[in-house]
*Asks:* 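The structure follows.
Just so it is clear, the model here is predicted, and its values are computed rather than measured. Just so you know, these numbers use all the heavy atoms, side chains as well, and skip hydrogens, waters and symmetry mates.
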Amino acid sequence: MLSLETEVCRLFGIEMPIIQAGMAGGPATAELAAAVSEAGGLGTLGAAYFEPDALRKAIAEVKTATQKPFGVNIFASKEKDDFSRLEEVQQALAPFRKELKINEPDISSSADWSRQQFDICLEMAVPVISTAFGLLAEEQMQAAKLAGIKVIAMVTTVEEAELAEQAGVDAIVAQGSEAGGHRGTFSLAQHPDGAQVGTMSLVPQIVDAVNIPVIAAGGIADGRGLAAALALGAAAVQIGTRFLLAEEAGTHPAYQQRLAESNEDETTITKSFSGRPARAVKNRFIKEFEEAGTRALPFPSHNTVTRDIRTAAAAQNNSEFMSLWAGQSLRLVNKKMPAAQMMQEIMGSARAILME
């Protein structure tokens, strides 16, 4: 019989094999991370867009709210700014700004705090660091290990998983194509739209290829998904979209409403908001930007260029111009409740299945 007391539980010192995804941009707050950790899982602070002082404050808030292990998720992208087609892209974005009644902002560069964020995690003795879009630099990995910090890397192919294991990570998140938000693919030159291997195919192949714990992600939102992931050889699951409706999440109310009203065929992989492939609920911005035929700038430049539109849309409660990152299991994500209750529901259902 499969056990819910897995290798990942022992590795991270948690009671439940559930990791909350580090959803950068607002939803994965200190309050949410602390709530998930207090409930027995591994809460994760989505810190990739945090300025250094904001990150210090958020980590301190998590530590005040819980004595249990938690993680901080940062970007490990090697991509650099490219504003060479800025004028062309700004023209394509002009109709959205006109409708929102905002002016075109001055654009110089994208903020990159990733190095400082890592140093802060080291300084503040964060228990777990997780990365998206790549791996920590070799010297960072060595520093994390010396500090006793566990490292998780998100991957989308077997090749990436093998690279992560060779780099010395402690566990791997196998992100299937059903997952919401950005694809964790390392090289967009190799996979321009992000690797698109489904969770059920990806997880067992990665389990067979590496000798460290694998965490399944993508389309998992309830106990059935957890039980299935364990059957595929995973030692835990990472859940993002369902936690967007947690009471402790920083998800915008209009975003939450759209999630509750959407279903499994209403998401798409798009570069329209950030320049990097990401799964989101379809809305007017995606449709009209793509129909205009203008290629997005590369990440992170395009993310910087569209930020004012997303910010204004949020201020105006206009979900048609917001980035509504979401996975494909939307019919399973329709009730707002405390994160601890979500955790108990997932675990209760998984236990019932595994005891049958």
Side-chain angles (χ1 to χ4, degrees), residues 19-34 37 42-66 69-83 105-154 164 167-170 173 181-182 184 186 188 250 273-276 278 297-308 310-311 323 325:
I19 296 172
Q20 167 238 318
M23 300 168 285
T29 60
E31 187 181 4
L32 177 60
S37 289
L42 186 73
T44 307
L45 187 62
Y49 299 123
F50 277 19
E51 295 182 9
D53 287 346
L55 178 55
R56 284 192 180 88
K57 181 175 182 289
I59 291 172
E61 288 174 354
V62 178
K63 287 189 169 187
T64 298
T66 183
F70 67 96
V72 173
N73 178 257
I74 60 177
F75 291 165
S77 171
K78 303 298 187 290
E79 294 153 304
K80 303 298 182 185
D81 267 336
D82 178 359
F83 290 106
D106 293 328
I107 302 292
S108 55
S109 63
S110 304
D112 181 8
W113 297 301
S114 56
R115 179 72 220 200
Q116 292 168 276
Q117 289 168 344
F118 173 81
D119 291 343
I120 291 167
C121 289
L122 211 62
E123 165 198 327
M124 299 189 71
V126 166
V128 180
I129 294 174
S130 65
T131 64
F133 310 156
L135 304 169
L136 294 175
E138 185 177 352
E139 68 274 12
Q140 291 176 318
M141 185 68 74
Q142 292 173 353
K145 287 188 174 298
L146 283 172
I149 296 173
K150 303 297 185 186
V151 179
I152 302 172
M154 183 165 65
V169 304
D170 296 285
V173 172
H182 285 98
F186 293 6
L188 294 183
F273 285 106
S274 71
R276 231 187 186 274
L297 297 173
F299 179 89
S301 307
H302 196 73
N303 190 65
T304 299
V305 172
T306 65
R307 181 175 292 118
D308 67 309
R310 291 177 279 121
T311 300
S323 51
W325 307 137

*Asks:* Looking at Asp308 and Pro105, what are the two nearest heavy atoms and their distance?
*Replies:*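 The answer is OD2-CD, 3.4 Å.
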
*Asks:* In Å and rounded to the nearest 0.5 Å, what is the CE to OG1 distance from Met23 to Thr29?
*Replies:*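 The CE atom of Met23 sits 8.5 Å away from the OG1 atom of Thr29.
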
*Asks:* Is the number of heavy atoms from other residues, nucleotides or ligands under 6.0 Å of Lys80 NZ greater than 12?
*Replies:* no

*Asks:* Would you name the heavy atoms of Ile107 and Thr304 that are closest together and state the gap between them?
*Replies:*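 Closest pair (atom of Ile107, atom of Thr304, distance): CD1-O, 4.2 Å.
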
*Asks:* Do other residues, nucleotides or ligands put more than 12 heavy atoms under 6.0 Å from the NZ atom of Lys57?
*Replies:* no

*Asks:* Quick one: CD1 on Ile120 to CG on Asp53, what's the gap to the nearest 0.5 Å?
*Replies:*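 So the gap between those two atoms works out to 7.5 Å.
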
*Asks:* With a 4.5 Å cut-off on side-chain heavy atoms, are Lys78 and Phe186 touching?
*Replies:*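 No, their side chains stay 4.5 Å or more apart.
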
*Asks:* Under the side-chain contact (heavy atoms from CB on, under 4.5 Å) rule, what do Trp325 and His182 come out as? Steps first, then yes or no, please.
*Replies:* CA-CA 8 Å; Trp325 307 137; His182 285 98; 3.8 Å; yes

*Asks:* Ignoring hydrogens, what is the shortest heavy-atom contact between Ile149 and Cys121? Give both atom names and the distance.
*Replies:* CD1-O, 3.9 Å

*Asks:* Kindly compute the distance separating CD (Gln116) from CD (Glu123), expressed to the nearest 0.5 Å.
*Replies:* 11.0 Å

*Asks:* Report yes or no: does Lys145 contribute a side-chain atom to a donor-acceptor pair with the main-chain N or O of Gly168 at less than 3.5 Å?
*Replies:* yes

*Asks:* Quick one: CZ on Arg307 to OG on Ser110, what's the gap to the nearest 0.5 Å?
*Replies:*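 Nearest 0.5 Å value for the CZ-OG distance: 7.0 Å.
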
*Asks:* Should the pair Phe75 and Phe299 be assigned to parallel (<30°), tilted (30 to 60°) or perpendicular (>60°) ring geometry?
*Replies:*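 The arrangement is perpendicular - the two ring planes meet at more than 60°.
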
*Asks:* I'd like to check Arg276 versus His302 (side-chain heavy atoms, cut-off strictly below 4.5 Å). Are they in contact?
*Replies:* no

*Asks:* Decide if atom CD of Glu138 counts as having more than 12 heavy atoms of other residues, nucleotides or ligands within a radius under 6.0 Å.
*Replies:* no

*Asks:* Are the side chain of Ser37 and the backbone of Pro69 linked by a donor-acceptor contact shorter than 3.5 Å?
*Replies:* yes

*Asks:* Which heavy atom of Phe273 sits nearest a heavy atom of Thr306, and at what distance?
*Replies:*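 Minimum heavy-atom separation between Phe273 and Thr306: O-OG1, 2.6 Å.
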
*Asks:* Answer whether the closest heavy-atom distance between the side chains of Val72 and Met124 falls below 4.5 Å.
*Replies:*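 They are not in contact (no side-chain heavy atoms under 4.5 Å apart), so the answer is no.
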
*Asks:* So does Ala76 get a backbone contact from the side chain of Ser114, meaning a donor-acceptor N/O pair under 3.5 Å?
*Replies:*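 No, because the side chain of Ser114 does not come within donor-acceptor range (under 3.5 Å) of the backbone of Ala76.
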
*Asks:* Spell out, as yes or no, whether a donor-acceptor pair under 3.5 Å connects the side chain of Asn73 to the backbone of Gly46.
*Replies:* no

*Asks:* Are any side-chain N or O atoms of Thr44 and backbone N or O atoms of Ala21, one a donor and one an acceptor, separated by less than 3.5 Å?
*Replies:* no

*Asks:* Decide yes or no for Ile19 and Val128: does some side-chain heavy atom of the first lie under 4.5 Å from some side-chain heavy atom of the second?
*Replies:* no

*Asks:* Is any side-chain heavy atom of Leu135 less than 4.5 Å from a side-chain heavy atom of Val151?
*Replies:* no

*Asks:* Indicate the atoms forming the closest heavy-atom contact of Phe50 with Ala58, along with that distance.
*Replies:* CE2-CB, 3.5 Å

*Asks:* Quick one: closest heavy-atom pair of Leu32 and Pro27, and the distance?
*Replies:*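 Of all heavy-atom pairs spanning Leu32 and Pro27, the closest is CD2-O, 3.7 Å.
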
*Asks:* To the nearest 0.5 Å, how far apart are OG1 in Thr131 and CZ in Phe118?
*Replies:* 10.5 Å

*Asks:* Does Arg310 use its side chain to pair, donor to acceptor, with the backbone of Asn303 at less than 3.5 Å?
*Replies:*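 At least one qualifying donor-acceptor pair exists.
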
*Asks:* So, the side chain of Gln117 versus the backbone of Leu55: is there a donor-acceptor pair under 3.5 Å, distance only?
*Replies:* no

*Asks:* So how far is it from Leu45 CG to Ile59 CD1, rounded to the nearest 0.5 Å?
*Replies:*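 Separation between the atoms: 6.5 Å.
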
